[in-house]
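What you see is a predicted model; the values in this text were computed from it and never measured.
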Amino acid sequence: MKIKDRLALYFTLISAVILLIALAIIFITFNSFVKADFYNRLMDRAKVAAQLYLEADEISADSLNHVRKRYLKQIPGEVMRFYNDRNAASFITDKQQYWSGDVINRVRRLKQAEFTEGDRQTVGIYYNDNQGNFVILASAEDIQGHRRINDLVEIMLIMFVCVITALFFIGRWFAKKALEPIDAVIKQMQSVRASNLSMRIDEGNGKDEISELAQNFNRLLKHLYNAFEVQQTFVTNASHELKTPITSIIGGVEVALNKERTTNEYQHILKSVLNDTERLNETIAGLMELAQVDMSYTQAALSQVAIDELIWELNDYWTNRLGKGLFTVNIQHLPDDPEKLLIPANKALLTIALNNIISNAYKFSNNKRVQCDLYADNRRISITITDSGIGIPADEAEKIFQSFYRGTNVKDYHGNGIGLYITNKIINLFNGIISVDSNPGKGTAITIHFVS
C-alpha cells in the first residue's frame with residue numbers, strides 16, 4: 001500500500017473514531033432529553049390527575065368534566081392509578097392490581113419516583129389530601145419519542161457513512177498534495193546515474209522533513225562523487241606519472257643490452273636508470289600519499305577547531321624543527337567572542353593543509369623566515385602565510401593547485417607537485433577559499449579565508 005493511501009486510511013479511521021464518539025454523545029444526550037421530557041409529561045399528568053380526582057369535591061361536576069376533557073387527554077397506552085393507605089385502587093377501577101405493593105410502598109417512602117418498566121416509563125408521587133393519603137402512579141410508552149430516536153439513529157448512520165467516505169477521498173487528496181514534493185524528489189533520484197554523480201536534488205526551503213531527506217541524499221551523492229573522483233584521479237595520475245619513468249627505464253635497459261659497452265657507458269646508463277627509479281619511487285610514494293589523503297577527505301569527521309590554537313601549535317612545531325625566529329606568528333585582530341574563532345573542520349586534515357603551505361614556503365626560500373598572519377572578526381577568518389622565496393610566475397598561479405603540476409622555475413627543487421593540490425582539496429572540503437599573491441623573485445603570500 002502506498003503512503004498516500006495509508007495516510008488517507010489512518011486519517012479516515014481516526015476521523016471515524018472521533019465521529020463515532022461525537023455521535024454517541026449526541027445520541028445519549030438526545031435520548032436522555034427525550035426520556036426526561038416524557039417523565040416530566042407523566043409527572044405533570046399525575047399532578048393534574050391528583051387535583052382533579054382529589055379536589056373534585058370542591059368544584060362542580062360540569063367543571064370537573066370540562067377539566068377532564070381538557071387536561072386528561074390520554075397518552076397512547078397510558079395507565080394511571082390511585083392507591084390509598086391500604087394499597088387498594090381508588091377512583092379508577094383496578095380489576096387486577098397493576099402495580100405491586102413493593103412499588104407503591106417505595107413511592108410512598110421516596111415521596112416521588114421515576115423508573116422504567118421494559119419499554120414503559122413510570123412516575124409516582126405521594127399525595128396528602130383531606131380524603132386521605134394516596135400514591136398516584138402514571139405509566140406510558142413514549143412511542144413518538146422512540147420513533148424520533150430511531151429516526152435520529154438512521155440519520156446518524158447515513159451521515160456517518162457519507163462523512164467517512166468523503167473524509168477518505170479528501171484525506172487521500174490532501175495526502176497526495178502533501179507528498180508531491182516526495183514524488184518530485186523520487187523523480188530526481190531516478191535520474192541519478194554513475195555518469196552524473198555531480199547532480200544534486202532540489203532541497204526546497206530547508207525547513208521540513210522532505211528537505212532533510214534531500215539534504216541527506218545530496219550528502220550521500222557528494223560522498224559517492226568524491227569516492228569516484230578519488231578513484232578516477234588516482235588512475236589518471238598513476239597512468240600519467242608512472243608512464244614516463246617506466247618508459248625511460250625500459251629505454252635505458254634496452255640501450256644497455258643493445259651491444260657491448262664500456263664500463264663508463266654502463267655506469268652512465270645505470271645512473272640514468274637509478275635516477276628514473278628514484279623518480280618512480282618518489283612518484284609512487286606521492287600517489288600513495290594522495291590516495292591516503294583522498295580517502296580521509298571522503299570520510300572526514302568534522303569537529304569545532306579553534307584556529308588560534310592550531311596556529312600556535314604550528315608555531316611550536318616549526319620552531320622546534322628549524323629553530324627560533326624562522327617561523328613567526330602575527331595576530332592582527334581577534335574577535336571578542338572566542339566562539340568566532342571556531343570552524344567546523346577535521347583538525348588532522350587542516351594541519352596537513354597548512355603544513356604543506358609552510359613546508360613549500362621554506363623549500364622555495366631556502367629556509368628563510370616565514371610569517372603567518374591571523375585576522376579574525378565576527379564574519380571571517382583569514383590566515384596568510386608569507387615567504388621570501390622564488391615566487392610564482394603570473395601565468396602559472398592558477399595551475400599550482402593541479403595534481404602533479406610543477407612550475408617552470410622549480411626544476412632545481414625536489415618535489416612531486418601534489419602538496420598544494422591536496423591543500424586546495426582540504427580547504428574546499430571545509431568551505432574555505434584559498435588565494436595566491438606572488439611576486440617572482442621576491443616571495444609568495446598564500447591566504448586562506450573562512451567565512452561564517
Side-chain angles (χ1 to χ4, degrees), residues 20-159:
L20 278 175
I21 294 173
L23 292 177
I25 293 173
I26 293 173
F27 173 79
I28 293 171
T29 303
F30 184 77
N31 188 55
S32 299
F33 171 78
V34 170
K35 281 189 174 183
D37 181 65
F38 195 68
Y39 276 130
N40 290 334
R41 288 178 60 192
L42 287 175
M43 188 64 69
D44 289 341
R45 291 185 59 76
K47 290 178 179 179
V48 170
Q51 292 179 358
L52 289 175
Y53 283 99
L54 298 177
E55 305 294 338
D57 56 338
E58 300 179 6
I59 61 175
S60 64
D62 292 338
S63 298
L64 180 60
N65 290 328
H66 177 73
V67 172
R68 285 175 177 171
K69 291 179 180 179
R70 182 176 179 183
Y71 292 101
L72 288 183
K73 184 178 181 181
Q74 284 193 339
I75 300 174
E78 177 186 353
V79 176
M80 186 173 294
R81 296 291 184 269
F82 290 76
Y83 295 100
N84 58 24
D85 290 336
R86 296 185 305 277
N87 293 346
S90 302
F91 303 107
I92 301 175
T93 59
D94 195 1
K95 295 180 181 179
Q96 183 177 356
Q97 186 159 318
Y98 195 85
W99 280 283
S100 66
D102 292 338
V103 174
I104 298 170
N105 291 332
R106 180 158 65 95
V107 174
R108 183 177 288 114
R109 184 177 65 254
L110 297 175
K111 308 301 181 185
Q112 184 171 304
E114 296 177 352
F115 53 93
T116 302
E117 297 173 310
D119 293 333
R120 301 177 67 86
Q121 293 176 240
T122 305
V123 299
I125 59 174
Y126 179 72
Y127 198 90
N128 191 358
D129 187 66
N130 56 2
Q131 299 182 52
N133 299 321
F134 295 90
V135 171
I136 304 171
L137 287 164
S139 175
E141 182 180 354
D142 189 6
I143 298 175
Q144 187 176 7
H146 291 167
R147 188 179 299 114
R148 290 176 180 174
I149 291 174
N150 291 334
D151 291 342
L152 177 65
V153 171
E154 291 180 3
I155 293 172
M156 284 182 171
L157 288 175
I158 294 172
M159 183 178 68

Fill in: Partner set under side chain to side chain donor-acceptor pair (under 3.5 Å) for R108, not counting sequence neighbours
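Side chain to side chain donor-acceptor pair (under 3.5 Å) check on R108 returns N87, N105.
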Discussion item. Applying ring-ring contact (aromatic ring centres under 6.0 Å, His included), can you list everything that pairs with F82, at least two apart in sequence or on another chain?
Written reply: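 ring-ring contact (aromatic ring centres under 6.0 Å, His included) list for F82, sorted by chain: Y53, F91.
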Discussion item. The criterion is side chain to side chain contact (heavy atoms under 4.5 Å, CB included); which residues satisfy it with N133, sequence neighbours excluded?
Written reply: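 With neighbours one apart ignored, the set is D85, Y126, N128.
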Practice prompt. Could you pull out all residues at least two apart from L20 that satisfy side chain to side chain contact (heavy atoms under 4.5 Å, CB included)?
Written response: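 If we apply the side chain to side chain contact (heavy atoms under 4.5 Å, CB included) test to L20, skipping adjacent residues, the hits are F160.
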Might you point out which heavy atoms bring [X] and [Y] nearest each other, and give the distance in Å?
X: Y83; Y: Y98; answer: OH-N, 3.5 Å
X: Y39; Y: T116; answer: OH-OG1, 3.0 Å
X: A46; Y: V123; answer: CB-CG2, 4.5 Å

Spacing of [atom1] belonging to [X] relative to [atom2] belonging to [Y], to within rounding of 0.5 Å:
X: E78; Y: R41; atom1: CD; atom2: CZ; value: 9.5 Å
X: W99; Y: R106; atom1: CH2; atom2: CZ; value: 12.0 Å
X: M159; Y: L152; atom1: CE; atom2: CG; value: 8.5 Å

Worksheet item: Going through the distances and angles, do K35 and E114 end up as a side chain to side chain contact (heavy atoms under 4.5 Å, CB included)?
Response: CA-CA 10 Å; K35 281 189 174 183; E114 296 177 352; over 6 Å; no
Under 3.5 Å, which donor-acceptor pairs do the side chains of residues 21-32 form with other protein atoms, sequence neighbours left out?
residue	atom	partner	partner atom	Å
T29	OG1	I25	O	2.7
S32	OG	I28	O	2.8

Contacts under 3.5 angstrom, residues 134-144 side chains, donor-acceptor by atom type, not counting sequence neighbours:
residue	atom	partner	partner atom	Å
S139	OG	R120	NE	3.1
S139	OG	Q121	O	3.4
S139	OG	T122	OG1	3.2
D142	OD1	G145	N	2.9

Fill in: Any donor-acceptor pair under 3.5 Å from N150 side chain to H146 backbone
yes
Worksheet, complete the sentence: In short, ring-ring contact (aromatic ring centres under 6.0 Å, His included) pairs touching residues 101-124 with sequence neighbours left out are none
